[in-house]
Amino acid sequence: MAMIDVQDLTYTYPATDSPALKNVSLKVEEGEFVAIIGANGAGKSTLCYTIAGFIPHFFAGTLNGKVEVAGIESQHSTLQELVLNVGLVFQNPFNQISGAKFTVYEEIAFGLENLGIPREEMIKRVDKVMALTGITDLAKRSPYALSGGQQQRVALASILVMEPKILVLDEPTSQLDPIGTREVFQVIKEMSNRGMTVVMAEHKVEWIAEFTDKVIALSRGEVLLQGPPAEVLTSPLLPQHGIGISRYTAVARRAREENLWPAALPLPVTLDDAVAGFVGGLENAH
Amino acid sequence: MRIEIQDLHFSYPGGVEALKGVSLVVNTGEKVAIVGQNGAGKTTLVKHLNGLLLPTKGTVRIGDWDTKDYPVARLSSRVGYVFQNPDEQLFNKTVYQEVAFGPRNLGYPAEKVAELVKNAMALTELTGKENVNPYDLMPTWRKMVAMASILAMDTPIVVLDEPTTGQDAASIERIAHCVQVLHQQGKTVITITHDVDFCAENFERIIVMGGGRILLDGPAIEVLAQEEILATTYVEPPQLTRLGNRLDFPHPVRNEEEFLDMYRQLHRQRDRA
Ligand SMILES: Nc1ncnc2c1ncn2[C@@H]1O[C@H](COP(=O)(O)OP(=O)(O)OP(=O)(O)O)[C@@H](O)[C@H]1O
Ligand SMILES: Nc1ncnc2c1ncn2[C@@H]1O[C@H](COP(=O)(O)OP(=O)(O)O)[C@@H](O)[C@H]1O
Ligand SMILES: [Mg+2]
Ligand SMILES: [Mg+2]
């Protein structure tokens, strides 16, 4: 049974005319790490909200079709039931911070406290997550007196610490430094390897290619493509729909036009694939 | 208009020392990108340029003005700062009001205000959204409104704090175009970004910050090739620079043209061999 099963979903926000999501169908298996890509306004956040149950429980509007998450049909359940299974990291980290706590440490422990997790386990989990997200040094700081990227790390940590069965992340690395971005992808990949189901809206194609199992491309609220990263991310459809591609893919495409890229090889999405292809191109020179 | 920063130190109330001695000159018309790890002090540094923050120690000069002698309202005529988080900046009820606010405040006559607003909205592709409430726009468009409201002030120095955050390919191109236009107008443009590919493709000079200090400052191609120093502040070289390094290119490349030129050259050498 799929962990996330969306069938023919159409959703329209209140007081708007056209649907933000149109006839969307997708399945995510347990332990899969899936990326959602798309231009601004394509519906990435809306899909994240829907999978996390914020639509329809928090935003009104009209929802048609089926959204089943961890076996619970979201229209026929409460947000509380869903929250036990799904954690959502918001696009804007400011929306995540509870406002109830004075230090970063307390902020991250907040959710566990509410669940009544024993103190020892709580400390262990909070310390571990803070190390994974690179914020150990910020433990005693106010969650508001931080740089943008530090705040985003805190927002991410406050959800990771809950160890939800299903993790939904809306552009969680938008303000992170480059190596921090890669580390976050790595951490999330490891969690998915241990069974967590992950859906992540992202623009950073290089890391999507390197770490995810499947990519869903949205355009104007509809599913444009879904499939293995190497396939979706090299599709010539992406640029036509305002979706960025990796520099490796772009440069290899130009090289291929000049017969400098091995004819038998698909276009690369990762650095390793690009290296292999361009080394091959030189070896074939004669 | 020249920017001159001397031995700048800054501590936030509560004691975090965010800048630990930064000295920097940016000349009129330069196009500069600032990169560096989260918490490096990038935002703190640029907030000193229009007087939002004042040095704990050291001086910041904008042209002949020492920022400690001028209020933010005056400094705003020289330095336009687009906040990292647009929600800290926007407060008007319509996009038009928001974009017109700055030039009105600077005392421009109504006709000039209308012209400045029109140009800024065209450049950011906001034309047609004049009557929309900024809060009804998606976050990525709010950032464009924040940019337009600064561009409309027509300041000689423009500072963009992470304009590319969360933006799609088309918006990044639009932002690169804005930077180019400002540069052609002779303005000084300073941009903070984590997008090193964007940096390599659009900026000549790059400043790398880490731990409240400047670690590197120089031509993009030299700076972005210093893989080891960059890594100390959590920055990686751009994709094509990394690819070139892996292919043992004799010198670093930073965009498609440079990459392909070098690769064609290697290819010809192999052909002959
Ligand atoms: N309002 C504040 N009060 C106290 N400390 C702050 C405040 N804002 C930032 N800091 C601290 O100052 C240091 C520099 O922060 P700054 O915002 O300048 O970083 P940055 O380089 O812009 O980072 P980012 O890439 O995450 O935006 C960090 O240690 C940060 O936690
Ligand atoms: N709260 C809202 N009310 C009305 N329309 C919205 C709301 N949030 C998003 N939309 C609209 O839904 C569409 C999809 O937006 P969104 O899911 O935020 O896209 P993305 O995350 O891919 O940038 C856009 O047309 C946007 O304007
Ligand atoms: Mg979004
Ligand atoms: Mg910043």
Side-chain angles (χ1 to χ4, degrees), chain A residues 37-42 45 91-94 134-135 137-138 141-142 145-153 170-171 173-183 203-204 206 238-239 242-248 250-251 254-255 258 260 268 271-272 274-275 278-279 281-286, chain B residues 12-14 16 18 35-44 84-85 87 138-141 161-162 164-173 194-197 200-201 230-231 233-240 242-244 246-247 255-257 259-260 263-264 266-273:
Chain A
I37 59 174
N40 296 340
S45 295
Q91 184 164 359
N92 181 351
F94 219 71
I135 53 175
D137 293 345
L138 303 176
R141 302 268 294 273
S142 154
L146 297 175
S147 80
Q150 290 170 338
Q151 220 163 48
Q152 191 164 39
R153 288 164 187 262
D170 194 357
E171 300 193 31
T173 71
S174 60
Q175 300 190 58
L176 297 198
D177 51 51
I179 294 182
T181 299
R182 180 146 54 102
E183 288 178 351
H203 290 291
K204 295 175 181 168
E206 178 173 16
L238 297 188
I243 305 174
I245 59 174
S246 91
R247 262 69 173 180
Y248 307 132
V251 84
R254 285 185 59 186
E258 300 176 29
L260 296 173
L271 176 59
D272 285 343
V275 170
F278 281 111
V279 167
L282 286 180
E283 279 160 5
N284 291 346
H286 48 75
Chain B
Y12 281 98
V16 177
V35 301
Q37 78 182 117
N38 295 132
K42 304 179 297 295
T43 297
T44 306
Q84 181 166 352
N85 178 358
D87 298 349
M138 290 186 301
T140 46
W141 279 107
D161 199 343
E162 295 197 25
T164 53
T165 294
Q167 301 285 7
D168 62 10
S171 309
I172 292 176
E173 240 171 71
H194 292 296
D195 185 340
V196 281
D197 301 299
E201 286 155 1
L230 293 180
T233 187
Y234 275 68
V235 176
E236 285 184 313
Q239 291 179 12
L240 294 180
R242 276 185 276 146
L243 179 55
R246 287 275 300 272
L247 296 172
N255 57 33
E256 275 184 23
E257 297 311 323
F259 179 90
L260 286 170
Y263 190 70
R264 287 187 200 107
L266 292 178
H267 216 264
R268 281 195 298 271
Q269 282 168 11
R270 285 291 174 97
D271 263 348
R272 267 182 244 119

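On a predicted model such as this, the values are computed, not experimentally measured, just so you know. All chains are named by letter (A, B, ...) in the order of the sequence lines, taking the proteins before the strands, and each is independently numbered beginning at 1.
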Any chance you could measure [X], atom [atom1], to [Y], atom [atom2], to the nearest 0.5 Å?
| X | Y | atom1 | atom2 | answer |
| --- | --- | --- | --- | --- |
| Tyr234(B) | Glu183(A) | OH | CD | 4.5 Å |
| Gln175(A) | His194(B) | CD | NE2 | 7.0 Å |
| Gln152(A) | Thr165(B) | CD | OG1 | 8.5 Å |
| Ile243(A) | Asp168(B) | CD1 | CG | 9.0 Å |
| Glu162(B) | Ser174(A) | CD | OG | 8.0 Å |
| Ser246(A) | Leu240(B) | OG | CG | 8.5 Å |

Heavy-atom proximity to chain A below 4.5 Å, by part of [X]:
| X | value |
| --- | --- |
| Gln37(B) | both |
| Tyr12(B) | neither |
| Val16(B) | side chain |
| Ala231(B) | both |

| Heavy-atom count around Glu258(A) CD within 6.0 Å, excluding the residue itself: above 12? |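 For Glu258(A), atom CD is crowded (more than 12 foreign heavy atoms under 6.0 Å).
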
| field | Heavy-atom pairs under 4.5 Å with chain A, option from Asp197(B), Thr44(B), Thr43(B) with the top count | value |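 Ranked by contacts with chain A, first place is Asp197(B).
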
| message | Please rank Leu247(B), Asp161(B), Asn255(B) by heavy-atom pairs under 4.5 Å with chain A and give me the top one. | response |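 Of the options given, most contacts go to Leu247(B).
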
Grab the two heavy atoms, one from [X] and one from [Y], that are nearest each other, plus how far apart they are.
| X | Y | value |
| --- | --- | --- |
| Tyr248(A) | Arg242(B) | OH-NH1, 3.7 Å |
| Leu260(B) | Val251(A) | CG-CG2, 3.9 Å |
| Leu271(A) | Leu243(B) | CD1-CA, 3.7 Å |

Who wins among [options] for the most heavy-atom pairs under 4.5 Å with chain B?
| options | result |
| --- | --- |
| Ala145(A), Gly134(A), Gly148(A), Gly244(A) | Gly148(A) |
| Asp272(A), Thr181(A), Val279(A) | Asp272(A) |
| Ala39(A), Ala255(A), Gly180(A), Ser142(A) | Ala39(A) |

| Interface moiety of Ala250(A) toward chain B, non-hydrogen atoms closer than 4.5 Å |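 Both parts, backbone and side chain.
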
| query | Between Gln167(B) and Asn40(A), does a side chain to side chain donor-acceptor pair (under 3.5 Å) hold up when you go through it step by step? | reply | CA-CA 7 Å; Gln167(B) 301 285 7; Asn40(A) 296 340; 3.2 Å; yes

| message | Any heavy-atom pair between the side chains of Glu236(B) and Glu206(A) that's under 4.5 Å? | response |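 They are not in contact (no side-chain heavy atoms under 4.5 Å apart), so the answer is no.
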
| said: Is the shortest side-chain heavy-atom distance between Pro139(B) and Gln91(A) below 4.5 Å? | reply: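 With C-beta onward as the side chain, the pair touches.
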
| query | Short question: side chain of Tyr263(B), backbone of Phe278(A) - any donor-acceptor pair under 3.5 Å? | reply |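 Present.
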
| task | Without swapping roles, check the side chain of Asn38(B) against the backbone of Asp177(A) for a donor-acceptor pair under 3.5 Å. | result |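 At least one qualifying donor-acceptor pair exists.
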
